[in-house]
Amino acid sequence: MSTNAVLATLFDEIATALEITGAMVFKVNANRNVARVLEHLTVDVATLAPDKKKLTAIDGIGDGSAKKIIEFIQTGKVAEHEELLTKVPRGLMDITRIPGVGPKTAKLLFETCGVCDVATLKAKIASGELKDIPRLGEKSLQNIAKSLEFMDKATERTRLGEAMPLAETIIEFLSQVPGVEQIDCAGSLRRGQDTIGDIDILAATTDPAALFKTFIEMPLVQQVLVSGESKASIRLAPPRGVQVDLRVIPKDSFGAALLYFTGSKQHNVTLRERALKKGLTLNEYGLFPEDKNDKTPPHQRGIKPKAAKTEASIYKVLGLPFIPPELRENRGEFDKDRSASMDALVKLDDIKAELHAHTKASDGSFTIEGLIEEAQSRGFHTVAITDHSKSSVQANGLSSDRLLRHIDDIREAASRHNGITVLAGAEVDILTDGRLDYDDDLLAKLDIVVASPHASLKQEPALATKRLLAALRHPLVHILGHPTGRIINRREGLSPDIHQLIEAAVEHDKALEINANHLRLDLRDSHVQAAVDAGALIAIDTDAHTVDDFDELRYGVLTARRGWVTANRCLNAWPKAKLHKWIKAKR
DNA sequence: GCCGTTTTCGGCCCGACTGTTTTCAGTCG
């Protein structure tokens, strides 16, 4: 784990421990915020650490946290953290991760019954020892038991590429219910995060009761978690097991609700702070004039909102441009000098080239012909055929002789297609020591080379950096394919020094890939943002093996947008002539 | 603990649902 990640966990633990000991909520939030900032920071905090000014220059990190970070870099621990751990055992912090159990309940369980970890909690619920605790009735205990049971089965977040089609199916199903006027998804799914916690759906309807009834009685509903007048939550049956929240909101405040429930939480906090500075208050019903003397929510007092119907109208009154959902992470979207690139973010329709795809020659299901036709049917001007190289034995990688014959076959097929340029390429393994899997003579015969790591994905970070740098510096390589080799929820992949890779990509005019396959999404959003900030080029490729893989392109585009990729930085969105000039420059 | 076009003090986002209790605290998003 990187220093940033270790410190993020440490600040999170400080926050949780403070929360349990009953510290001021603002102090808790400040520590939690430092954890979040560190988690998304793309520079290694250790390189800043001796200089306190550099640390406090980061938004959210003040004097106190800077001192703790420096203390950690110098000694490997933080005294305040150690001190808190003597009062609040780690197991107790784990308990607060159980849905429905917060810091107050954890403290109560600890102090009245000595519950100090999840295992003890389970045992004591089973033995009935937890009856008769004040303010913790039978129903609450039952809910905790249910949550524990669920946690045992599903510890993972749902991958974007699994949640999105599911959400679309549910929305399609619910939109058929009489009375439904508007329905859309919100939350991290709408923001295009690589994994999501639950699916949020918003609807405006003239018949809420009918919609909720249909919702909680849908096929595959395993459990109804919450069922109120404006909100219901269900859990779907395994294997998906994902939670789905449905909220019904007035049609006139659909935009306000969409904004509110799309989040992120940090983005919303900043919006509300901006609202307050303008004498306004923002909630899920709209943007209202603030009345400090009346605590009743403004929408319940019959006050007319300044804006509510659309997200854009709310941003406008707050003096902001429309911020695309993918950018709503409080990671620079409020900076004025970034607003130009916000308008120019790459869109799905901009993508006109596929530069990484496989055929039957290695492990794909396409014939050469079939792949070309599929790309053409999607309106692409270019497709690169990049089968695996010889070391990828598991993927039927091509020997040098087979590759030579494959190149001939590709050129022959290409000659039969007008209107699309077909490139003979390869996805060449980057061997453990950084050498490529074909010799230079053969690589030079290819139009395009995607170099990717496939084996030894648990390599030490320093070695991995060296390995990938060698590929980026190789004059015949165009694109670094799925740079870390991660498989979301399954394999962490390599942890190279991403900044060195980005630097090399810029220096040698190479592109870094966002592999659009929902299992990969590699590079990930925060690395993409660092690459874009440094001026690197990005390729969004589907790595298609089958027809359906082409449909995963949208996940790659969402990830690109989350990393602030504009169309002019994305190879696949370039006009044909510009792309081919760049590709040929490496031959 | 952090922050500042109401700056070095005094604020710090908002509402729904649940369970336990009988007016509200805790949790969640």
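What you see is a predicted model, and the numbers here were worked out from it, not measured in a lab.
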Next on the checklist: Walk along nucleotides 21-29 of chain B from 5' to 3' and tag each nucleotide B, S or - by protein heavy-atom contact under 4.0 Å, base first, then sugar-phosphate.
Outcome noted: S---SSSSB

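The residue E138(A) sits close only to the backbone: its heavy atoms come under 4.0 Å of sugar-phosphate atoms, none of a base. Among the protein residues, N143(A) comes within range of the sugar-phosphate backbone only, with heavy atoms under 4.0 Å from sugar or phosphate atoms but none that close to a base. Nucleic acid contact for D63(A): sugar-phosphate only, since backbone atoms but no base atoms lie under 4.0 Å from a heavy atom of the residue.
Of the charged side-chain nitrogens involved, none lies within less than 4.0 Å of a carboxylate oxygen, so that E273(A) and K278(A) do not count as a salt-bridged pair. Salt bridge E80(A)/K68(A): present, at least one basic N to carboxylate O contact under 4.0 Å. Between D194(A) and R524(A), no side-chain nitrogen of the basic residue sits less than 4.0 Å from a carboxylate oxygen of the acidic one, so the salt-bridge criterion is not met. Using a cutoff of 4.0 Å between basic side-chain nitrogens and carboxylate oxygens, R90(A) and D117(A) are not scored as salt-bridged.
dG11(B) and dC17(B) are spaced 29 Å apart, taking the C1' atom of each and rounding to whole Å. The same atom, P, is picked in dT20(B) and in dG26(B); the two are 14 Å apart, to the nearest Å.
When all heavy atoms of C116(A) and I95(A) are compared, the pair lying nearest together is C-CD1, 4.3 Å.
Residues of residues 114-124 of chain A that place a heavy atom closer than 4.0 Å to DNA chain B do not occur.
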